Amino acid sequence: MYSMKKVTLFATGIIMMSCAQQQQKLAYPETAKVDTVDVYFGTEVPDPYRWLENDTSAATAAWVEAQNKVTNDYLSKIPFRDALLKRLTDLANYEKIGTPFKKHGKYYFYKNDGLQNQSVLYVQDNLDGEPRVFLDPNKLSDDGTVALTGISFSNDGKYTAYTISRSGSDWTEIYVLDTESGKLLDEHIEWAKVTGTSWQGDGFYYSAYDRPKKGIELSNVNENHKVYYHKMGTPQSEDKLIYQNPNYPKRFYTTSVNEDETVLFLYESGDGRGNAIYMKDLRKPNAPFVAMATDMDYNYYPLEIIGDKMYMFTNYGAPKYRLMVADINKPALKDWTELIPETENVLSSAEVIGGKLFLTYDKDVANHAYVYDLNGKEIQEIQLPSLGTVGFSGNKDDKECFFGFTSFTTPGATYKYDMDKNTYELFRAPKVAFNPDEYVTEQVFYPSKDGTKIPMFLTYKKDLKKDGKNPVYLYAYGGFNISLYPGFSTTRIPFLENGGIYAQANLRGGGEYGEDWHVAGTKMQKQNVFDDFISAAEYLINNKYTDKDKIAIVGGSNGGLLVGACMTQRPDLFRVAIPEVGVMDMLRYHKFTIGWNWASDYGTSEDSKEMFEYLKGYSPLHNMKPGTKYPATMVTTADHDDRVVPAHSFKFAATLQECNDGTNPTIIRIDSKAGHGAGKPMTKVLEEQADIYGFVMYNLGMNPKF
């Protein structure tokens, strides 16, 4: 999800805890209050911890230090913490290799030897050739906190642009290599965001903001996104402004160019659930941008251009998506023709490989793959190894195709597909210290509060007994049209091998059943998402998988909002809550960085009195009640999170510590040199997961053996 942020006295308490897990009440840092009050449509709303929005002040830094001391003291007394970290580290120490992709006759792939902080990009001349390092992001910093976030090759193969982020920030920097020699060139673009690089000729397009004021780079609202063209060999100061729209400062403008460099596409988003799309015919000098589709509540994406045909992937007039064809000479939506109509299953991805269409459909959140010809006629289904998640890799003119496949019990493996024979063979599979035969995944469908059937995957050991006593790690997201598919993670293994159940619920607000499913969890229907999650817990209790004292709920970003809302609405139903980098202040979220971009899902407190009251009715920050027994809670955030700024978590944790009756611990884990999550180095990932699972297992009363 794209996004979000006076003197103080502190009394740092000492934590005491026995190995028998009889926890004494914690003493928390005293958090000063201010008299800030906002007025919304005549309603006064106090914001006593507003000063914590200033994430660069000395007072906030002191508060963070004091909170982390309490947190670290608490976590250090979990008796199995070190053993859990060692087990997670050992499990993660296996070779991970991504699906290969071919560019200009060479094969590229990402590989992590095991515990490298960042995966390394390799190249080989042919499939039997010796791989060599093409780009090693681990050499871009001493501690692994610089992440490679994207790569693109010029269409003649001469240059390779790559994008990085530092310490988890969404701010993007662009560098360029000479592809053949690997030499780093002088190019360096700063203050880019929400962008890739789209090559045309001897340069590329990218999107950026004006340089922000010093000291507020990670919290100020981002406005006036601009598209530039950078010509190789020139400084950024000379880059040509290609497009801006000052009438709409809170929108994104991004680009793409097809491989033949005949069309420049311009995408406009941020004011609806989808995007508008415009095109410029690069075959004609000084051609203007022409509108193709302008309703930003729908998605429009070009797959490929072949001759004058533009193959378009869209949910316009098709909530579960379809393929259409536009003519490069008559590109307006009214002239598009349908190629492959909408079906009862969601078309979740499509690509052109080897002159054929590879389509992935979702049936009850599992991928099914099909091959069609370019006229829209089905050729064959690809029978995947099992129910799971697939991703294809190949070029429009190549006969060669690879796909990656994973499930809850299948580590990501790569297969080579023969499209003429409709057969595939295992190309590469990782060796993980995990026996999938000992575990099972089942999918259940449970009724939500309004009767809607919600799917949920449950993974556990085959010998599990439904005695109502099993620990549960319940995870979900429920927003922004994002689907949660089956996938493998070694971090779940210690929990599973100690008798736990990993539950992944597919709530409304996501994209699992198309745009209608998404819309049913947005704005004035957002409560459906929380009802779906609460109903998941109730289903697991009613069907003897577990009880209310054995459930931990976990979610990040919009999922952090989910956890915060559910633990405040039903504090009696969950034993542990982990809201990660969550959107906790629903009245002010749109005032920081690119929070305004979420209004299509949430609405804002400024929209109307009705919308304000609805948001205030579930906003986690505004719905805690003094003296309530809240679940054992560990809030997580990071100092460089400039999407959901840490102020959300800071204010929520301070309020929760004030309101909690003291029975259960309420701590906040604030990472340094880290952001919203993407690109986080392996060492930080393992430490964070050890702390999360350690906190969960300890507070669920588990005595794990590693």
Side-chain angles (χ1 to χ4, degrees), residues 198 254-269 271-283 287-363 367-381 391-392 394-397 481 483 511-519 600:
S198 306
T254 56
T255 57
S256 68
V257 177
N258 65 317
E259 202 173 299
D260 298 329
E261 297 187 5
T262 55
V263 175
L264 168 64
F265 291 103
L266 174 71
Y267 309 90
E268 181 180 31
S269 62
D271 194 16
R273 299 186 304 272
N275 65 281
I277 184 169
Y278 306 83
M279 64 153 281
K280 177 184 283 201
D281 190 338
L282 296 175
R283 302 171 303 181
F289 279 110
V290 177
M292 296 182 69
T294 56
D295 188 334
M296 278 188 271
D297 274 335
Y298 300 97
N299 292 307
Y300 314 91
Y301 295 115
L303 298 179
E304 194 58 75
I305 300 176
I306 299 176
D308 284 351
K309 285 184 174 180
M310 298 186 286
Y311 290 81
M312 307 296 296
F313 176 81
T314 183
N315 63 350
Y316 174 79
K320 294 183 177 176
Y321 292 85
R322 59 177 169 167
L323 291 190
M324 300 185 77
V325 173
D327 189 314
I328 202 168
N329 304 301
K330 292 193 299 180
L333 179 61
K334 65 182 179 63
D335 294 316
W336 295 12
T337 57
E338 185 172 77
L339 181 69
I340 298 176
E342 179 185 32
T343 72
E344 63 180 354
N345 297 320
V346 177
L347 176 61
S348 57
S349 71
E351 11 225 333
V352 177
I353 301 173
K356 295 183 174 64
L357 288 161
F358 280 66
L359 307 184
T360 304
Y361 284 93
D362 298 348
K363 183 176 182 182
N367 286 169
H368 296 259
Y370 301 84
V371 182
Y372 282 67
D373 67 23
L374 291 176
N375 295 315
K377 182 174 181 294
E378 183 181 340
I379 300 172
Q380 59 214 20
E381 180 178 1
F392 290 95
N395 296 320
K396 66 174 181 178
D397 299 323
N481 202 28
S483 300
E512 287 86 350
Y513 292 101
E515 185 61 8
D516 292 345
W517 189 257
H518 169 212
V519 171
S600 58

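All values below come from the heavy atoms of this structure, side chains included, with hydrogens, waters and symmetry mates left out. The structure displayed is predicted, hence computed values, not measured ones.
With ring centers used as reference points, F265 lies 6.0 Å or more from Y278.
One distance of note links CD1 of I277 with CG of D295; it measures 13.5 Å at 0.5 Å rounding. Atom CG of L359 sits about 8.0 Å away from atom OG of S349, to the nearest 0.5 Å. Taking CG of L303 as the start and CG of L339 as the end, the distance is 9.5 Å to the nearest 0.5 Å. Atom OG1 of T294 and atom CG of L333 lie 8.0 Å apart (nearest 0.5 Å). To the nearest 0.5 Å, atoms CD (E351) and CD1 (I353) are separated by 5.0 Å. In this structure, CG in L347 is found 8.5 Å from CG in D362, a value given to the nearest 0.5 Å.
Judged purely by distance below 3.5 Å, without hydrogens or angles, the side chains of Y321 and E342 never pair a donor atom with an acceptor atom.
Heavy atoms from other residues, nucleotides or ligands lying under 6.0 Å from NZ of K396 number more than 12.
In this structure, N258 contributes its side chain and T262 its backbone to a donor-acceptor pair below 3.5 Å. No side-chain donor-acceptor contact under 3.5 Å links N375 to the backbone of K377. No donor-acceptor pair under 3.5 Å is formed between the side chain of S600 and the backbone N or O of D271. A donor-acceptor pair under 3.5 Å is absent between the side-chain atoms of N395 and the main chain of D397, judged by distance alone. Checking side-chain atoms of D373 against main-chain N and O of G376 turns up a donor-acceptor pair under 3.5 Å. A donor-acceptor pair is defined here as one N or O able to donate and one able to accept, closer than 3.5 Å; no such pair exists between the side chain of R273 and the backbone of H518. Looking only at distances, no side-chain donor or acceptor of K320 sits under 3.5 Å from a matching main-chain atom of T343.
Screening F392, Y311, Y372 against F358 for a ring-ring contact (aromatic ring centres under 6.0 Å, His included) leaves a single residue, F392.
In this structure the side chain of K280 reaches within 4.5 angstrom of the side chain of L282, judged on heavy atoms. At least one side-chain heavy atom of V371 sits under 4.5 Å from a side-chain heavy atom of K356. Y301 has its side chain within reach of N275: a pair of non-hydrogen atoms, C-beta onward, lies under 4.5 Å apart.
Of all non-hydrogen atoms in M310 and P331, the two that sit nearest each other are CE-CB, 4.0 Å. Taking every heavy atom of both residues into account, D281 and M279 meet most closely at N-CE, 3.9 Å. Between S348 and N367, the closest heavy-atom pair is OG-ND2, 4.3 Å. Residues A326 and M312 come closest through the heavy atom pair CB-CG, 4.2 Å. When all heavy atoms of P341 and R322 are compared, the closest pair comes out as C-CB, 3.9 Å. Scanning both residues, E261 and V257, for their nearest heavy atoms gives CA-CG1, 3.8 Å.
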**Request:** Check the pair Y370 / T360 against side chain to side chain donor-acceptor pair (under 3.5 Å), numbers first and verdict last.
**Result:** CA-CA 6 Å; Y370 301 84; T360 304; over 6 Å; no
**Asked** Step by step, would you call I328 with R283 a side chain to side chain contact (heavy atoms under 4.5 Å, CB included)?
**Response** CA-CA 11 Å; I328 202 168; R283 302 171 303 181; 3.5 Å; yes
**Request:** Evaluate side chain to side chain contact (heavy atoms under 4.5 Å, CB included) for L374 paired with L357, printing each intermediate quantity in order.
**Result:** CA-CA 6 Å; L374 291 176; L357 288 161; 4.0 Å; yes
**Asked** What do the steps show when you test D260 against I305 for side chain to side chain contact (heavy atoms under 4.5 Å, CB included), and what is the final call?
**Response** CA-CA 9 Å; D260 298 329; I305 300 176; over 6 Å; no
**Request:** Step by step, work out the side chain to side chain contact (heavy atoms under 4.5 Å, CB included) result for L264 and T255.
**Result:** CA-CA 7 Å; L264 168 64; T255 57; 3.9 Å; yes
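Ring pair Y300/Y316 is tilted by interplanar angle, where 30° to 60° counts as tilted.
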